[in-house]
Amino acid sequence: MKDALTELLLTALAKLVDDGTLPEKPAVTPQLDHTKDPSHGDLATNIAMVLAKQAKRPPRELAALLVAALPPNSLIDRTDIAGPGFINFFLSQASNTQAIRDVLAAGDQFGESNIGQGRKVQVEFVSANPTGPLHVGHGRGAAIGDSLCRLLTATGWSVHREFYYNDAGQQIQNLALSVQARALGKTPEDPDWPSDGYRGDYIIDLANAFMAQESVSAADREITASGNADALDDIREFAVAWLRREQDADLKAFAVIFDEYFLESSLYSEGAVEQAVSALERNGHTYEDGGALWLRSTAFGDDKDRVMRKREGGYTYFVPDVAYHLNKWQRGFERVINEQGADHHSTITRVRAGLQGLDAGIPSGWPEYVLHQMVTVMRDGAEVKLSKRAGSYVTLRDLIDWVGRDATRFFLSARAATSQLTFDVDLALSQSNENPVYYIQYAHARVCSVKQKALGLGGDWTPEAGLAHLDSLQESEALTLALTLGRFPEVVAGAAQRLEPHDIANYLRDVASELHSFYNAHKVIDEAAREVSLARLALLEATRQVIANGLALLGVSAPESM
RNA sequence: GCGCCUGUAGCUCAGCUGGAUAGAGUACCUGACUACGAAUCAGGCGGUCGCACGUUCGAAUCGUGCCAGGCGCGCCA
């Protein structure tokens, strides 16, 4: 719809260039916006104000010339010149209801596009180390990252979902020592409990499973415990697999899947870390000082230079990260998006600096980052800080257990990632009009119910039959809704382009609201008025489809009854 | 002290690649079920868009400076 109107405007502009009103072909394509106020029409453009200066005419006069130059068409009912020089377009009834045809024709593919043209993009998200259950921050990352993947897929990208973790570092050593201590009957209160040990109750379960020689299989590994409490390597390996399995269970409950799990340890074992370091040395971006090897990251915009190899020999944490990203680049991902908590934002400059220093032809803004701010959980009017199981933090599993998967996903992805998020457990739990998830799902279920009733009448009481009578849709509520449905592809494309899944949640709120308004104002099934009834049925089915498609992008279910 | 994010209605938040009287939910008040799902709808109340300058025909949106909150500033990961 927007595109068709843009074409008309371009034709009109070309005509004005021909007759000398405009000195040259405008460099910008006209901007068309959906209006907030119905008295401003359905779509509006500010192009006359933008071009007023070079046309050397007042905006309103230019607008009038532009309107006069519009080719004849069936899209526009009438136009209006308003305010300082806006051109308002009032769409024809047929344009308004076109979306209904489009939706029913495309079905669950409505909203999709081929903007990505099949190009590869890798999205790394969650990337939790296997030292404990996933916390709410990981949950936010999982919800946002997964929705980003769905949005990118819907817009024609070939998406690779990756989870990166460290299975061999100091934190894992602390984990193994903690499990061993539990296996030997110690508690965190004992004086010889490992310093920096993990204190959560899950360590007890883990130790018991190890001693019972249990077998565990996670998405990317499986192992049987030796049950030998003296064998720290055995414990380490088992603990990692056990926690990976735990995390997989949580991710599965959250409907989040990955194509690949990438181990930090593999970067060492396959020499990728050493190769990256040598390349940086060879390119002259390093120097030694105080027994350590430094990266001259200030040459790439960092505040200060960073230590790469510590005096005692080990590499600092960002070095394998550089090697990892070089690996991503070498795998052919010219586009990479990392979704992570904002508390790690300081690594961005370092990793990019390291990548630049490799002289591997990597663009300076690569990879892209989506950072989410912190989540605080509120319940009964107070902040919840502890989980029984994990001890020091609220887990993703806690949230799912409390409010269910749909509400958890919706709440975690319905806000801009850049905003701190307050997760109100009581609100997410309420089965009432207070809860936006139910509000949207209710709209879907309501349509399903009406559709069932219509289909029960037999004959041609189907949404498809209504397509022949769309011109009988005349009420403002119906036309408003139809126009909103037609915006869905733009909304999806915009959310994917800006990497902002919360746009979808906001849009669905609007759709549900307009559906409910229409529904309350007009009876859908009236056997005495077949044509308009069938047309309304088609409108409802199109609405249902758009809600289902939108919820799918958020990983939220679209129930037929509630 | 430095960097990043945030500051919009009592509360939770949209709007932020500049556009027309600043939106939604919630809370509060008033109405609507002998109707296909009232988990709904209609109406009302409620805002110096943190503050101040600046750019612009036009600023919540862009720039600068303050103020407030969060996160990060390790030879920890």
Side-chain angles (χ1 to χ4, degrees), chain A residues 31 33 35-37 39-40 44-46 49-50 52-53 58-59 82-86 88 129 131 166 169-172 174 196 264 289-294 302-304 306-318 320-321 341-349 371-374 376 378 411 414-424 427 430-443 445-454 456-457 477 497-498 502-503 505-507 509-510 512-513 515-526 533 536-537 540 561-562:
Chain A
Q31 180 184 332
D33 293 313
T35 58
K36 285 181 265 186
D37 184 335
S39 71
H40 296 149
T45 181
N46 63 355
M49 289 179 284
V50 173
K53 200 169 282 181
F86 290 101
N88 296 330
N129 283 338
T131 55
N166 179 0
Q170 186 56 44
Q171 298 306 318
I172 300 296
N174 292 341
D196 300 324
E264 183 185 290
D289 185 40
L293 181 69
W294 295 71
D302 203 353
D303 299 346
K304 47 186 168 184
R306 306 289 172 178
V307 169
M308 296 174 64
R309 192 187 313 125
K310 294 176 267 185
R311 198 180 307 138
E312 74 267 19
Y315 290 110
T316 54
Y317 69 94
F318 86 94
D321 234 23
D343 53 340
H344 293 104
H345 92 271
S346 62
T347 69
I348 296 175
T349 311
L371 302 179
H372 63 260
Q373 298 290 323
M374 300 201 67
T376 52
M378 298 291 289
F411 276 67
R415 301 288 184 226
T418 51
S419 290
Q420 290 171 45
L421 177 68
T422 303
F423 194 110
D424 186 335
L427 176 60
S430 73
Q431 300 203 356
S432 74
N433 56 356
E434 296 166 34
N435 193 327
V437 190
Y438 287 112
Y439 184 82
I440 296 164
Q441 289 182 324
Y442 180 63
R446 210 177 200 187
V447 171
C448 288
S449 172
V450 176
K451 191 168 116 185
Q452 277 314 308
K453 178 168 174 171
L457 293 175
E477 292 91 347
Q497 190 250 324
R498 292 197 304 274
H502 73 280
D503 287 351
N506 290 332
Y507 169 79
R509 225 287 160 193
D510 290 344
S513 169
L515 179 277
H516 288 312
S517 292
F518 169 77
Y519 184 89
N520 275 65
H522 307 287
K523 190 161 164 57
V524 176
I525 300 174
D526 179 357
S533 288
R536 287 173 179 172
L537 193 58
L540 254 64
S561 66
M562 296 172 68

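Lettering follows sequence order; numbering is per chain, from 1.
In this structure, A:S533 contributes its side chain and A:D526 its backbone to a donor-acceptor pair below 3.5 Å. The closest donor-acceptor contact from the side chain of A:S513 to the backbone of A:R509 lies at 3.5 Å or more, if one exists at all.
Contact annotation for A:M308: no contact, since no heavy-atom pair falls under 4.0 Å across all strands. Residue contacts for A:D196: at a heavy-atom cut-off of 4.0 Å it reaches no nucleic acid atom on any strand shown. When heavy atoms are screened at a 4.0 angstrom cut-off, A:H40 is found touching base atoms of the nucleic acid. Looking at heavy-atom distances under 4.0 Å, A:A82 makes contact with a base. Base engagement by A:Y519 is indicated by at least one non-hydrogen atom pair under 4.0 Å involving a base atom. Within the 4.0 angstrom heavy-atom criterion, only backbone atoms of the sugar-phosphate kind lie near A:T422; the bases stay farther away. Contacts of A:G85 with the nucleic acid, taken as non-hydrogen atoms under 4.0 Å apart, are absent. A:D526 comes within 4.0 angstrom of nothing in the nucleic acid, heavy atoms only. Nucleic acid contact for A:S561: base, since at least one base atom lies under 4.0 Å from a heavy atom of the residue. Counting non-hydrogen atoms under 4.0 angstrom, A:A454 reaches nothing in the nucleic acid. If you check every strand for non-hydrogen atoms under 4.0 Å, A:M374 touches sugar and phosphate atoms only.
Residue A:I525 places its side chain closer to B:rC36 than to any other of B:rG37, B:rA14, B:rC36. Nearest to the side-chain atoms of A:E312 among the listed nucleotides B:rC76, B:rC36, B:rA39 stands B:rC76. Ranking B:rC75, B:rG70, B:rU21 by closeness to the A:Q420 side chain, first place goes to B:rG70. Checking B:rC5, B:rC75, B:rG19 against the side-chain heavy atoms of A:V307 singles out B:rC75 as nearest. The side chain of A:H502 lies closest to B:rA14, out of B:rC75, B:rA42, B:rA14. Relative to the side chain of A:K304, the nucleotides B:rA77, B:rC73, B:rC71 differ in distance, and B:rC73 lies closest. Residue A:K523 places its side chain closer to B:rA35 than to any other of B:rA35, B:rC75, B:rU40. For A:H345, counting side-chain heavy atoms from C-beta on, the closest listed nucleotide (B:rA77, B:rG3, B:rC5) is B:rG3. Side chain of A:R415, nearest nucleotide from B:rG37, B:rC13, B:rC4: B:rC13. Looking at the side chain of A:A416, the nearest of the listed nucleotides B:rA77, B:rA14, B:rG69 is B:rA14.
For the pair A:Y442 OH and B:rG25 P, the interatomic distance rounds to 17 Å; values are reported in whole Å. The distance from atom CG of A:D424 to atom P of B:rC13 is 10 Å, rounded to the nearest whole Å. Between A:D302 atom CG and B:rC73 atom C1' there is a gap of 10 Å when expressed in whole angstrom units. Rounded to whole Å, atom C1' of B:rA20 lies 13 Å from atom CD of A:Q31. Rounded to whole Å, the distance from CZ on A:R509 to C1' on B:rA39 is 12 Å. The separation between A:I172 atom CD1 and B:rC76 atom C1' is 15 Å, rounded to whole Å. Taking atom NE2 on A:H372 and atom C1' on B:rG70, their separation rounds to 14 Å, with Å as the unit. In this entry the distance linking CG of A:L371 with P of B:rC4 reads 13 Å, nearest Å.
Here, B:rG19 and B:rU30 have their P atoms 39 Å apart, quoted to the whole Å. For B:rA20 and B:rC57, the C1' atoms lie 13 Å apart once the distance is rounded to whole Å. Going from the C1' atom of B:rG65 to that of B:rG46 covers 32 Å, rounded to whole Å. Nucleotides B:rC36 and B:rG70 place their C1' atoms 49 Å apart, quoted to the nearest Å. With both ends at atom C1', the span from B:rA22 to B:rA39 equals 30 Å, rounded to whole Å. Spacing of C1' atoms, B:rG23 relative to B:rC16, comes out at 14 Å, to the nearest Å. With C1' as the reference atom, B:rU48 and B:rA9 are 13 Å apart, rounded to whole Å. B:rU61 and B:rC29 have their P atoms separated by 36 Å, with the value rounded to a whole Å.
Annotation: side chain of A:T131 is in contact with side chain of A:I172 (closest heavy-atom distance under 4.5 Å). Put simply, the side chain of A:R306 does not reach to within 4.5 Å of the side chain of A:T316, judged on heavy atoms. Residues A:T35 and A:F86 have side chains not in contact (no heavy-atom distance under 4.5 Å, counting atoms from C-beta outward). Between A:Y317 and A:N166 the shortest side-chain heavy-atom distance does not fall below 4.5 Å. Counting only heavy atoms from C-beta outward, the side chains of A:R446 and A:Y519 approach each other to under 4.5 Å. For the pair A:F518 and A:L540, the minimum side-chain heavy-atom distance is below 4.5 Å.
Side-chain to base pairing of A:S346 with B:rG72: no donor and acceptor N or O lie closer than 3.5 Å to each other. A donor N or O paired with an acceptor N or O is found under 3.5 Å between the base of B:rG19 and the side-chain atoms of A:N46. Taking only distance into account, the side chain of A:D343 never meets the base of B:rA77 through a donor-acceptor pair shorter than 3.5 Å. Judged by atom type and distance alone, A:N520 reaches the base of B:rU40 through a side-chain donor-acceptor pair under 3.5 Å. Remark: the A:Y317 side chain and the B:rA77 base include a donor-acceptor N/O pair separated by less than 3.5 Å.
Shown here, B:rC33 is classed syn by the O4'-C1'-N9-C4 or O4'-C1'-N1-C2 angle, which is within 90° of 0.
In this structure, B:rU34 forms no base pair with any nucleotide, since neither Watson-Crick nor G-U wobble geometry is met with both distances under 3.5 Å. B:rA60 is unpaired under the Watson-Crick or G-U wobble criterion, no partner having all donor-acceptor distances under 3.5 Å. Shown here, B:rA22 forms no base pair; nothing in the strands shown gives a Watson-Crick or G-U wobble contact with both key distances under 3.5 Å. Base pairing analysis places B:rC73 opposite B:rG1; the two distances defining the Watson-Crick or G-U wobble pair are each below 3.5 Å. Under the Watson-Crick and G-U wobble criteria, each requiring two contacts below 3.5 Å, nucleotide B:rC28 is paired to B:rG44. Across all strands shown, B:rC16 has no partner, as no Watson-Crick or G-U wobble contact with both distances under 3.5 Å is found. Both distances falling under 3.5 Å, in either a Watson-Crick or a G-U wobble arrangement, place B:rG7 opposite B:rC67.
Comparing A:N506 and A:V447, the nucleotide of RNA chain B nearest to each residue sits closer to the 5' end for A:N506. Closest-nucleotide positions on RNA chain B for A:A414 and A:Q170 were compared, and the one nearer the 5' end corresponds to A:A414.
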### Message
For a side-chain contact (heavy atoms from CB on, under 4.5 Å) check, start with the C-alpha distance between A:T376 and A:F423, then their side-chain angles and the critical distance, and finish with the verdict.
### Response
CA-CA 6 Å; A:T376 52; A:F423 194 110; over 6 Å; no
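Taken to the nearest 0.5 Å, the OG1 atom of A:T418 stands 7.5 Å off from the NE2 atom of A:H502.
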